[in-house]
Amino acid sequence: MTDPLQDPQFFKDPYATFARLRGAAPVHKVPTGSTGRYSYVVTGYAEAREAFADPRLSKDTARFFTGQPSRRNLHPAVSRTMLATDPPQHTRLRRAAGPAFTPGPVARMRPYITEVVGDLLDVWAPGDRVDLVAGLAVPLPVTVICQLLGVPADDRTMVARWSNELFAAGRPDRIDAASHSIAGYMAGLVEAKRREPDGGLLHSLLLRSAAGELSDDEVVWMAVLLLVAGHETTTHFIGNAVLALVQHPDALARLRDDPGLIPTVLDELLRFDSPIGIATFRYSTESLVIGGTEIPAGVPVLIAPGAANRDPARFPVPDQLALTRDATAQLAFGHGIHRCLGAPLARAESEIVLTGLLTRFPGIELAVPGENLQWRRTRLMRGLESLPVLL
């Protein structure tokens with residue numbers, strides 16, 4: 001059996017593969033490459049929610065790979081972030097960064113986000129053919145997270161390129177090189193903020209470092225994580241949401257006629273085409289049973305929010321975009337202690353951008369046949385390379 005999650009067709013439409021796996025069992029054993037190793041992929045909703053909260057599934061990547069031969073040269077700033085730790089270290093790290101992404105600080109960012117969205121939309125006019133990914137879905141979240149971190153405007157394009165290359169599936173050399181580039185840059189930026197504090201997010205992390213709550217390395221690693229995680233997922237959330245709407249004209253018309261509904265349908269848009277196909281790495285620290293499947297100790301366990309969000313046992317008629325559906329339980333942001341820290345910011349950015357886009361360009365439509373769209377070849381992220389639309 002070959003790995004179904006590496007089939008080229010999977011990247012175009014993962015939902016058929018997810019449905020087939022889930023139909024066989026909500027937790028499925030799949031091969032990993034051609035080495036004889038294997039993983040377990042969790043495709044059922046109830047099972048994914050259970051797995052997200054199970055402490056026997058560790059995210060301590062360094063511990064799992066200790067002693068295993070590798071030719072990789074990934075920088076620790078990427079491989080040892082908060083996403084790759086368990087409590088109590090994870091608890092300490094999350095507590096340091098968490099306050100910046102709570103509803104209060106995010107609400108105070110809304111005027112700035114609205115201004116950025118307006119500036120990006122100002123360069124377009126009705127009737128234009130544009131790439132919504134390159135012109136809007138990428139620059140908006142990059143600009144916002146760089147503003148929070150204090151990344152100078154002239155450096156943001158370069159930083160975004162490195163971040164994008166961290167997800168260059170099948171190109172470990174590019175991924176490793178990008179990890180060192182972005183870590184080196186952020187280390188320099190942290191030192192600059194140490195010399196000249198600006199009261200921003202990095203400054204707050206440096207204060208925690210001075211208080212002994214974070215090491216110097218952890219400040220840099222946290223900065224890298226916030227930079228990358230702070231925009232990649234939101235980029236794909238925006239792109240996938242706009243694509244879903246232009247491919248469902250009735251839903252688009254409803255939101256165009258009543259933009260006030262947009263905040264209430266974000267969960268359904270996230271459920272319908274999750275920007276996270278398969279969550280970040282976990283492995284079993286002991287044998288356990290999930291969904292009736294016994295998982296031995298010491299094997300990778302891949303939780304698939306993209307599959308769980310299309311489980312008909314939880315969301316009837318899951319392949320239908322239904323704006324009236326209560327999808328608040330969707331798992332696109334994960335669940336449990338590792339639930340996405342930046343979810344409130346991602347929701348605010350997506351709400352503001354969809355409102356601005358549909359208000360200014362009510363006639364937006366897809367400029368190419370849907371089957372011609374190119375999807376990124378990574379099973380972690382579900383996102384478009386580009387989204388040509390007519391305004």
Side-chain angles (χ1 to χ4, degrees), residues 60-62 73-102 104-109 111-113 115-116 139-166 175-234 338 340-342 344-346 349:
D60 190 343
T61 309
N73 184 31
L74 200 63
H75 195 282
V78 172
S79 62
R80 298 181 185 175
T81 68
M82 181 171 61
L83 281 180
T85 60
D86 297 327
Q89 183 179 2
H90 170 265
T91 308
R92 174 176 58 82
L93 294 173
R94 189 176 177 101
R95 186 168 52 239
F101 298 94
T102 52
V106 170
R108 291 191 288 274
M109 284 291 293
Y112 177 75
I113 297 169
E115 178 185 349
V116 175
L140 170 63
V142 166
T143 301
V144 170
I145 196 63
C146 284
Q147 179 73 10
L148 278 171
L149 291 169
V151 176
D154 290 346
D155 295 345
R156 292 174 183 179
T157 299
M158 173 181 65
V159 167
R161 185 180 72 250
W162 290 331
S163 177
N164 183 272
E165 289 178 351
L166 289 176
I175 295 171
D176 291 351
S179 75
H180 284 267
S181 295
I182 202 166
Y185 175 85
M186 293 308 296
L189 185 63
V190 166
E191 285 307 307
K193 301 301 180 185
R194 193 191 304 273
R195 293 191 301 270
E196 298 182 19
D198 60 2
L201 180 52
L202 287 186
H203 179 229
S204 70
L205 294 177
L206 284 167
L207 289 177
R208 289 183 177 270
S209 175
E213 298 175 36
L214 295 173
S215 71
D216 288 346
D217 281 343
E218 285 172 338
V219 172
V220 175
W221 300 349
M222 183 73 74
V224 171
L225 173 63
L226 295 176
L227 177 68
V228 176
H231 76 270
E232 283 287 343
T233 305
T234 309
H338 288 283
C340 178
L341 187 68
L345 181 60
E349 292 179 55

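Because the structure is predicted, anything quoted here is derived from the model rather than measured.
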**Student:** Show your reasoning for whether side-chain contact (heavy atoms from CB on, under 4.5 Å) applies to Asp216 and Arg194.
**Tutor:** CA-CA 11 Å; Asp216 288 346; Arg194 193 191 304 273; 3.7 Å; yes

**Student:** Look up atom CE in Met186 and atom CG in Leu227, then write down how far apart they are to the nearest 0.5 Å.
**Tutor:**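 One finds 5.5 Å between CE of Met186 and CG of Leu227.
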
**Student:** Do you know which two heavy atoms are closest between Leu93 and Met222, and how far apart they sit?
**Tutor:**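 Taking every non-hydrogen atom into account, O-CE, 3.1 Å.
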
**Student:** First locate atom CD1 of Ile182, then atom CG of Leu189, and finally report the distance between them rounded to the nearest 0.5 Å.
**Tutor:**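 Here the rounded value is 11.0 Å.
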
**Student:** Are the side chain of Ser179 and the backbone of Asp176 linked by a donor-acceptor contact shorter than 3.5 Å?
**Tutor:**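 Judged by distance alone, yes, a pair lies under 3.5 Å.
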
**Student:** Return the minimal non-hydrogen interatomic distance between Pro105 and Ala100, and the atom names on each side.
**Tutor:**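 Shortest heavy-atom separation between Pro105 and Ala100 comes out as CB-O, 3.5 Å.
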
**Student:** Apply the test side-chain contact (heavy atoms from CB on, under 4.5 Å) to residues Leu345 and Ile113: give CA-CA distance (whole Å), side-chain angles for both, the deciding distance (0.1 Å), then the verdict.
**Tutor:** CA-CA 10 Å; Leu345 181 60; Ile113 297 169; 4.0 Å; yes

**Student:** Are Arg95 and Glu213 within salt-bridge range, i.e. N to O under 4.0 Å?
**Tutor:**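 Salt bridge between Arg95 and Glu213, a charged N being under 4.0 Å from a carboxylate O: no.
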
**Student:** Work out which heavy atom in Pro344 is nearest to a heavy atom in Val106; give both atom names and the distance.
**Tutor:**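 Closest pair (atom of Pro344, atom of Val106, distance): O-CG1, 3.7 Å.
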
**Student:** For a side-chain contact (heavy atoms from CB on, under 4.5 Å) check, start with the C-alpha distance between Leu83 and Leu225, then their side-chain angles and the critical distance, and finish with the verdict.
**Tutor:** CA-CA 8 Å; Leu83 281 180; Leu225 173 63; 3.6 Å; yes

**Student:** I need the minimum non-hydrogen distance between Ser209 and Val219, along with the two atoms involved.
**Tutor:**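 Nearest heavy atoms, Ser209 then Val219: CB-CG2, 3.7 Å.
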
**Student:** With side-chain contact (heavy atoms from CB on, under 4.5 Å) as the test, would you mind laying out the steps for Leu214 and Arg92 before giving the verdict?
**Tutor:** CA-CA 8 Å; Leu214 295 173; Arg92 174 176 58 82; 3.8 Å; yes

**Student:** Got a list of side-chain donor-acceptor pairs under 3.5 Å for residues 145-155, not counting sequence neighbours?
**Tutor:**
from	atom 1	to	atom 2	distance (Å)
Gln147	OE1	Tyr112	OH	3.3
Gln147	OE1	Arg156	NH2	3.3
Asp155	OD2	Tyr185	OH	2.6

**Student:** Might you point out which heavy atoms bring Ala223 and Leu202 nearest each other, and give the distance in Å?
**Tutor:**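 Residues Ala223 and Leu202, closest heavy atoms: CB-CD2, 3.6 Å.
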
**Student:** Roughly how far, to the nearest 0.5 Å, is OG1 of Thr91 from CE of Met82?
**Tutor:**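 Spacing of CE (Met82) from OG1 (Thr91) equals 10.5 Å.
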
**Student:** Who passes side chain to side chain contact (heavy atoms under 4.5 Å, CB included) against Asp60, sequence neighbours left out?
**Tutor:**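 Asp60 satisfies side chain to side chain contact (heavy atoms under 4.5 Å, CB included) with Ser58, Ala62, Arg63, Asp86 once adjacent residues are dropped.
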
**Student:** For the residue pair Gly98 and Leu341, what are the closest heavy atoms and their distance?
**Tutor:**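 Shortest heavy-atom contact: CA-CD1, 3.6 Å.
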
**Student:** With sequence neighbours left out, what residues match Thr61 under side chain to side chain contact (heavy atoms under 4.5 Å, CB included)?
**Tutor:**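 So Thr61 forms a side chain to side chain contact (heavy atoms under 4.5 Å, CB included) with Phe65, Ala84, Phe281.
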
